[in-house]
Amino acid sequence: MKEMYLKSIRAIRFLFYRPLNIKEQLEIANVLENENYLNLFWKLNQADRQHSFEVLNRTKKFSNEKNLLKLSLFHDIGKLKYEFSWLFRIFTELKILKTKKSLDYINHEEIGYEIIMKKLNEPKFTDFYKDNLLHQKNEILDITDF
């Protein structure tokens with residue numbers, strides 16, 4: 001029941017996400033540091049960028065480890081594969097939809113790994129992504145991504 005509540009809240013918040021302000025954009029640039037990372041991050045839709053920034057801020061309360069901060073911004077990068085509407089996200093989370101696209105939404109972390117392998121080609125970060133998101137969800141990221 002708690003999981004359903006959190007998913008509902010997240011879906012409703014999706015409707016109210018706003019563009020990131022200049023201060024927030026500079027903070028993201030300081031974390032990502034490089035043009036390839038920045039270009040990839042800015043391909044996310046507005047809501048996913050705002051959500052990732054929120055996760056970044058929650059993560060900073062527990063850790064300042066550079067790769068973990070980058071991971072907090074890239075944890076949803078696999079959602080680049082499609083444009084997912086808020087209604088689609090709700091129906092998928094509630095398991096009402098069971099299409100290829102909804103499966104890709106559920107498995108966006110694996111798709112994200114493929115994207116960062118192809119677009120970033122930085123073994124240190126891609127290995128960190130794989131170890132801390134695919135093999136075992138990072139403990140800090142797990143409690144900050146709600």
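Quick note: numbers below take in every heavy atom, side chains included, and nothing from hydrogens, waters or symmetry partners. In what follows, residues are counted from 1 in the order of the sequence shown.
With rounding to the nearest 0.5 angstrom, the CD atom of Gln25 is 12.0 Å from the CG atom of Asn30. With values rounded to the nearest 0.5 angstrom, Thr126 atom OG1 is found 9.5 Å from Asp131 atom CG. Interatomic distance, Asp76 CG to Leu44 CG, rounded to the nearest 0.5 Å: 7.5 Å. Note: Arg49 CZ to Phe53 CZ = 12.5 Å, rounded to the nearest 0.5 Å. Between Leu134 atom CG and Glu110 atom CD the span is 5.5 Å, to the nearest 0.5 Å.
Contact check on Glu83 versus Lys101 returns no salt bridge, with no Lys/Arg side-chain nitrogen under 4.0 Å from an Asp/Glu carboxylate oxygen.
Here the side chain of Glu24 pairs a donor or acceptor atom with the backbone of Asn21 at under 3.5 angstrom.
A continuous path of ILVMFWY side-chain contacts below 4.5 Å connects Leu97 to Leu87, so both sit in one hydrophobic cluster. Linking Ile, Leu, Val, Met, Phe, Trp and Tyr residues whenever their side-chain heavy atoms come within less than 4.5 Å leaves Ile22 and Ile28 in two separate clusters. Note on Tyr105 and Ile96: same hydrophobic cluster, where clusters join Ile, Leu, Val, Met, Phe, Trp and Tyr whose side-chain heavy atoms are under 4.5 Å apart, directly or indirectly.
Residues Asn67 and Lys70 are in side-chain contact: their nearest non-hydrogen atoms beyond the backbone lie under 4.5 Å apart. In this structure, the side chains of Asn121 and Asn36 stay at 4.5 Å or more apart for every pair of heavy atoms. Between Ile77 and Leu40, the closest side-chain pair of non-hydrogen atoms falls below 4.5 Å. At least one side-chain heavy atom of His51 sits less than 4.5 Å from a side-chain heavy atom of His75. Side-chain contact between Leu73 and Leu69 is absent, with no heavy atoms from C-beta onward closer than 4.5 Å. Contact of the Phe91 side chain with the Ser102 side chain is not registered, since no non-hydrogen atoms from C-beta on lie closer than 4.5 Å. Using a 4.5 Å heavy-atom threshold, the side chains of Phe74 and Val55 count as separate. Within the 4.5 Å cutoff, the side chain of Lys119 has heavy atoms near those of the Lys43 side chain.
Judged by the 6.0 Å distance and 45° axis criteria, Lys79 is not positioned over the aromatic ring of Phe84.
Under the 6.0 Å cut-off for aromatic ring centres, Phe88 and Tyr82 do not qualify, their centroids lying 6.0 Å or more apart.
Residues that satisfy the ring-ring contact (aromatic ring centres under 6.0 Å, His included) test with Phe128, not counting sequence neighbours, are absent from this structure. Applying the ring-ring contact (aromatic ring centres under 6.0 Å, His included) rule to Phe62 yields no partners; only residues at least two apart in sequence or on another chain are considered.
Counting only N and O atoms by type, the side chains of Asn45 and Asp48 include a donor and acceptor under 3.5 Å apart. Donor-acceptor pairing under 3.5 Å is lacking for the side chains of Tyr129 and Glu122.
Each of Glu54, Arg58, Lys60 was compared with Leu56 under the side chain to side chain contact (heavy atoms under 4.5 Å, CB included) criterion, and only Lys60 meets it.
Scanning all heavy atoms of the two residues, the minimum distance from Leu71 to Phe125 falls at N-CE1, 3.8 Å. Minimum heavy-atom separation, Ile111 to Gly78: CG2-O, 3.6 Å.
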